[in-house]
Every structure is written in C-alpha cells, then in structure tokens.
Amino acid sequence: MPVPEYLKGLNEAQSEAVNLTDGPVLVLAGAGTGKTRVLTTRMAHILMNRKAQPWEILAVTFTNKAAREMKERVSGLIGRPVEGWWVGTFHAIGARILRSHAELVDLKPNFIILDVDDQMRLVKQVMEVHRIDEKKWPPRSILSVIQRWKDRGLTPDKVSDAEGQGLADGLISVIYSEYQERLKTLNTVDFGDLLLHCLTIFSNYPDTLEIYQKKFKYILVDEYQDTNVSQYLWLRLLASLNNNICCVGDDDQSIYSWRGAEVGNILKFEKDFKGSEVIRLEQNYRSTPHILAAASGLIAKNQGRLGKSLWTGIEAGEKVSVRGVWDGEEEALITCDEIEIRKKRGQSLEEIAVLVRAGFQTREFEDRLINLAIPYRVIGGPRFYERMETRDAIAYFRILLSDQDDLAFERIINVPKRGLGKASVQALHEVARKQSIPLFSAAREIVDTDELKPRARNALSTLINDFDRWRANLDSLNHAEVATIVIEESGYTEMWQNDSSPDAAGRLENLKELISGMEEFENLQGFLEHVSLVMENEENVSEEKVTLMTLHSAKGLEFDTVFLPGWEDGLFPHQRSMDEEGVSGLEEERRLAYVGLTRAKKEALVTYAANRRIYNQWQNALPSRFIDELPPENIDLLSELGELSGGSWANNEAVLSRDISSKPQSFGNIQPYNRINKINRDGLVIEQDSEDTFVEDASSNFEQGNRVFHQKFGYGKILNVSGTKLEIEFDKSGVKRVMDSFVEAV
DNA sequence: CCATGACGCTTTTTT
DNA sequence: AGCGTCATGG
C-alpha cells in the first residue's frame, strides 16, 4: 500500500508519533519541532483509517485559536470538512458535557458562565456577610486562592483544614463553600467549575462517566505541560477505558504555573499512564543553529527537566545579539531603528516581533514606532467579552433570559444612570433576602410600595416594564433584533453617544459588532456561551505590522526577527517571581526566556538597560543573569556601556555572586526606591533622593582621586564616591555627578 | 445620588 | 505617573 499523501515528509519520530495510535503516548515536542503537525496528522490518520468516527475523537487545547487551527489543518489533510468531532478548549468541552448533565450538580442546563467581574462581586458579597476586612484580605487574592483550589480539583469539602489556615481570618474555606452555594443558587458557574463539576459528576455517577469513556475512543491533548490537576484528572478519567490518549507538550515551555498549571503532569506521565510510550521530537525546523544553541544552553541550567537535545538541519545564521543600553528610551530607540532598517531592506513587518516580560514595557516602543511611522499591533489587553460595553450589553441579555440573574441585574440597574443608586439597590437586596426571591422579583414588589423615593420608584418601574416588553418581543422577533431594541431603548447606546471620551466611538463599534455576531446563532443562549467562552478580538489584517506582546502570549508563535528587550535582573527574571516562588520561580522565568529565544527563526536580539524608570522611579539594574547563562560562542556582545567583562558591571559584586536573594539595587516593589538616582543617558545624575547619600549593598569600585574617562565628558578626576555615584571633576566640563557604570578607569 | 479627592497598587493570562 | 477603589461632602 502506498504511503498516503498526508503522511509524507514526516521525520522518523513524527511518523512514530502519528502511527502509534493505540495506548498512551507522550510526545515531547521541543520548540519548533512540528508538534501541531504531529497532532493534526495523527488525527487525520485515525480518521482516514476508520479507527474512529469523528465524534469518537476528543481533542483538547487551551485556546480557541489552537482549536480552530487544528480543525482547519485536519480538514485540509483529509481533504474535506469534518463534522461532529469534539475539538475545543478544555473549558468549551467541559461546558458541553456539563450542559448535558447539569441537573446532577444542581444546575439547570441553561446555566450562565460568569465573567471575572461577576465572580469578584460574588466573593465580595460573601466576604461582607462574614465581615471580612477587604483591606486586609483583598477579594482578588481570595478569589485567586479559590481558583487555585479549583485548578487542583478541590471542591469545598475536599479542601483540607490546613489549607487556608491563615487566610481571611481562617474563614476562607467557608467563603469558598458559600461562594459555590451562591453560584448554584444563581444557576451560574465560573470557569473553574466547567471542569470541576465534570469531575464531580464523573466520580458520583459512574454511568455518566462511562458514556464518555466509551464514546471517546481517542483522546488528543495539546500543550500538556500547561494542564492543571483538574484537567489532568478529567483526562485520566475519560481515557481510562480505552487508554488511547496522546499528549503533546514541552516541559521546557511550561510558563503558567502561576495560574495552576502543573509541570508535574508531564513529568510523571509515564507513571500515570501505564504502558505509555514517550516520543521525543528533537529536530527543530524553525531556528538557526546559534539561536537554538543559545536557547538550549540557557534551558540546560534548569533542574528537573525531562531533557531533550534539539538539533536543526538549518545551516548558517547569525549569533544571538546581546546589547546593553543606557535606559529604556534608548533601548526603544535602538530597537526601532533596527526595525526600520529591516523594513527598508524589504523584510515584512509581520515577521518582526518585540517580546517583553511585562505589559508596561510596550509603551516606549509604541512611542518610538509612532514617531517612525512604523505600523504595529499590541497583542493583549482586554478580550472582547471583558470590555465594559460587551459585559453591560450581555448583562441585559442575561436578564432577558432569566429574571433570576441577580448579578446581571445589579450590573445594569443603574447603567445608564437612572437614579437607582446604592440606597435603592440596598433596599432591593433587603426585600430579596427577606423573601428569598431574586432581585428582579423584589423590584416588582418594591415598586408597589412606597419604600423608595418616587423618583427611584418610577425609574425602577420603567425598567421592569421595559424588560417585560423586551421579553415579549423575543416571541415575535429574532434575538438580534430584540438585542438591538434592548440596547437602544434602555438608553445604553445613547449613553455612549453622549460620552465625549475618546474611546466612546470604539465602544459603539464593539456593540454593533456584538449584535451582528449574534445573527449566526440559533438563540441568545448559544450566543452568550459563545461570547464567554470563544469569542475573540478580531483584527483587520489590512496592513503589515510589527507585533508587540508579552513573552507569555508569544508562546506557539514564530517570527524571523525577535527583539527581546528588558533583560535585566529584577525585570527579567522578575523580582516578584523570585521572591514569591524562589528557585522554581526563577526556573519558570528561565523557561520564559527559552520560549522567547525559540520564537526566532533567523534573528534574536536581546537588550538590557542600565537604567529603567518603573512607576516613575529611576532604577539602575544589572544585566539579566540569563545573559550570563547564554553560551558565549553563540552570542554577539555589543555593549554601549563598555564590555560586560572588564567593565564596571562585571566587577560589581552583585554580579559575581548572584543568587536569588541578591536583589539588584532594588527592583522589587517591596523595598522603597529611595536609593535610586535619576540619571540621564550620559550617566549624569539629574535627580537624587535627599537621603540617598549611601548605598549599602552596591559599592563602587572607584576611589577618590582615580582618573576616569566618560564617553561624553571626557577625562576627569573623582572627587567623591558615594555608593555607585561618583562626583567627578572633568577636565573640560567641570564637576558633575555621574553613575559609576558610565565611566571607565584610566 | 454623584462628583471629587485621597489612597494604594503596580508580572505574566485563558477561558 | 497613572489608574482604579473608596470615603467624604455637596
């Protein structure tokens, strides 16, 4: 039998991963080794060989984008669209299963998936009941603890007493249970519940579990290193009958532990799934040898890896460029100049990316790119369904579907402003609580009393009548038409029309988009699920643009040219990561650096700045320890600050004896920034804190009387040394205060 | 009820 | 600095 077309061109390991359809398989796929190709070809292979029908295959991803891509590519491989398969995100598939069995966890099938805003409101409400000080215990962190529990598959009854001991006056587990109660009462779930409830159903109702175990003959999992415990348990339960599960992932690219991902899942795959095979994909098709070697050398510093040795058949290529600059501004200047050079050379801007550690870093690049008139896009920012106008509109629709949706009602009761403020809401809550009825019902009652002031009562009465009328419309008109009526008649559209802020127009645009997106759905219900689980921001791809984004969001992408700015200790690796997670935090940062480098196909350009303004405070920083960890033979060091070796930095004790606890001269948010001087790009101290006469843990290698050379001011003599700050009498330009890293001893 | 100012926080993000 | 939350006063 001839080899089918779709199998051609696979390397040996890839073919093995495709052909080994039965039994548990872990595909350890290094960066750029064709992981998606394996996953999609494997799926096509199963379908083509009639090993399973489309609806007997479960393929889970983390993002909608990945799911979409998988669908498209598999359809392409087998040459026709595939219907009825279960390809989607963990959450979307969890939701689908949960809808079918909602009653088993006391939910109705039309439950609503809450956004973070709603979740927060709920947590706050529960905390209020227990008089927990929101100052002391920010609801944000309480919610995050709850979410981490959910990530671990822990329902309130499974949380051990020891777990939340100190938190929220020891009441956090109580808050968790009551939060879950409230969710149920409101017929709502949060994201974590989509899997957690599945787990509850699976363990309490083996018959239901069996339906799915039998149904899914083959299971495929993308980005396995990002799964949390709950997802792992979910997969294991589903796979345990047929045992045909194929997980693809890369332990070196695990960068989401902070939101519950367990690298442990991938590390112990062989133990968890008996008789499993592990296949390593080690041929990299993406990067040049220097880039690959630099990345490999770096990641080799991590402990506890499964270990892979990537190689590439690609020949030639530049070394990774590493360059030190004065400050963030110069970094942006130089980087954007480099971008412009490439643009003039005819390189597509689509193939250029700037990958930063933290969102705020993009600003300086944006400023500069605007100046140079180079088009760019920033990836990140609020998702479509996180935008205020989307959520407001959706709140209206939710109430349309269920007048028991208190959270939605509370959200829009005074949006647009109709004079129903705190007091009115309070009164409503009172009535609702006393009679155990939803807020909307309470509203109906309260308008018949004189409990509210006439003004408020009228407003509320109008609102109720509006909703009744809109709901009646649902019978005769399609949902998109009703939606339009709702946002018009409620005054919501008008509110933004009258708004003079610059983004009002955009919001109106989004509302339009929201409504037009509704048309293709059967009903409001389906649309709401789509919005909360699937809907993404779409971008007009009219023009070629440079991409600015965080390292996290760059995972899975590739570009010819990748700029990696901000490689300074404290920023990258991030101080907070090291403070809070210690060595494992540092290792995750290192993986992030690895992800960054391996995004590059042809060029990777790392920069670090000696000075950076953070929260409007100037801070000086050391080059990232990751720079020291790059194999010297694979990098080109271009420092505007003198050689890294031999310069003042390399002699700095903090550099030589770096460990996690050796902070750069205070990058963290914990210490005050009072030791930092504002200096300009020539190292000139232009501002200094009055108390900053001594810097304890940063001392200069210069002494009074030394002769020094400064790039701009020329030769001079040191009059005074205080910490890393020198007072220098320059031969030509007089006395100035300069940071020591800007001068060389002569 | 809403506008105003003080206070406090500031990594990463999907669904 | 810049933004969001919260308490205060009109």
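Just so it is clear: chains get the letters A, B, ... in the order the sequence lines come, proteins before strands, and each one is counted from 1. Worth knowing before you read on, the calculation uses all heavy atoms, side chains too, and leaves out hydrogens, waters and symmetry mates.
- The residue Phe62(A) sits close only to the backbone: its heavy atoms come under 4.0 Å of sugar-phosphate atoms, none of a base.
- Among the nucleotides dT13(B), dT11(B), dC1(B), the one closest to any side-chain atom of Trp258(A) is dT13(B).
- The CZ atom of Arg140(A) lies 5.5 Å from the CE atom of Met120(A); values are rounded to the nearest 0.5 Å.
- For Ala358(A), the listed nucleotide lying nearest its side chain is dT11(B); candidates were dA1(C), dT13(B), dT11(B).
- By the ring-ring contact (aromatic ring centres under 6.0 Å, His included) test, His101(A) pairs with Tyr212(A), sequence neighbours left out.
- The separation between Leu533(A) atom CG and dT15(B) atom P is 9 Å, rounded to whole Å.
- Nearest to the side chain of Lys124(A), among dT15(B), dC6(C), dT11(B), sits dC6(C).
- To the nearest angstrom, P of dT10(B) lies 15 Å from CD of Gln617(A).
- For Tyr615(A), the side-chain atoms get nearest to dA1(C) when compared with the rest of dC6(C), dA1(C), dT12(B).
- Stacking here means ring centres nearer than 5.5 Å and ring planes tilted less than 30 degrees, and by that measure His574(A) stacks onto dT11(B).
- The distance between atom CG of Leu452(A) and atom P of dC1(B), rounded to the nearest whole Å, is 9 Å.
- With dT14(B), dC6(C), dT11(B) as the candidates, the nucleotide lying closest to the side chain of Glu386(A) is dT14(B).
- Position along DNA chain C of the nearest nucleotide to Lys422(A) versus Arg363(A) favours Arg363(A) as the more 5'-ward residue.
- Side-chain rings of Trp234(A) and Tyr232(A) stay apart, their centers remaining 6.0 Å or farther from each other.
- Within the structure, every side-chain polar atom (N or O) of Tyr256(A) is placed at least 4.0 Å from both OP1 and OP2 of dT11(B).
- Atom CD1 of Ile614(A) is separated from atom P of dA1(C) by 15 Å (rounded to the nearest Å).
- Taking atom OH on Tyr224(A) and atom P on dT14(B), their separation rounds to 22 Å, with Å as the unit.
- Using cut-offs of 30° and 60° on the angle between ring planes, the pair Trp496(A) and Tyr492(A) is perpendicular.
- Applying the 4.0 Å criterion to OP1 and OP2 of dT14(B), one finds that Thr89(A) has every side-chain N and O outside that range.
- Under the 6.0 Å cut-off for aromatic ring centres, His552(A) and Tyr256(A) qualify, their centroids lying closer than that.
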Run the side chain to side chain donor-acceptor pair (under 3.5 Å) check on Gln119(A) and Gln147(A) step by step: do they pass?
CA-CA 10 Å; Gln119(A) 296 171 29; Gln147(A) 273 160 353; 3.1 Å; yes

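- Contact check, Asn414(A) against dC2(B): a side-chain N or O comes under 4.0 Å of OP1 or OP2.
- In this model, the phosphate group of dT15(B) is approached by a side-chain N or O of Asn64(A) to a distance below 4.0 Å at OP1 or OP2.
- Gly359(A) comes within contact range of the sugar-phosphate backbone alone, with a heavy-atom separation under 4.0 Å but no base atom that close.
- Residues satisfying the side chain to side chain contact (heavy atoms under 4.5 Å, CB included) test with Val534(A), not counting sequence neighbours, are Asn64(A), His530(A).
- The main-chain N or O of Trp326(A) is found under 3.5 Å from a side-chain atom of Asn611(A) such that the two form a donor-acceptor pair.
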When you compare the protein's N or O atoms with those of nucleotides 5-9 of chain B, which come within less than 3.5 Å of each other, and at what distance?
none

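- For the pair Lys417(A) NZ and dA3(B) C1', the computed distance is 10 Å after rounding to whole Å.
- Rounded to an integer number of Å, the gap from Glu581(A) CD to dT11(B) P is 14 Å.
- Taking atom CD of Gln231(A) as the reference point, atom P of dT15(B) lies 12 Å away to the nearest angstrom.
- Proximity of Ser553(A) to the phosphate of dT13(B): a side-chain N or O atom is located under 4.0 Å from OP1 or OP2.
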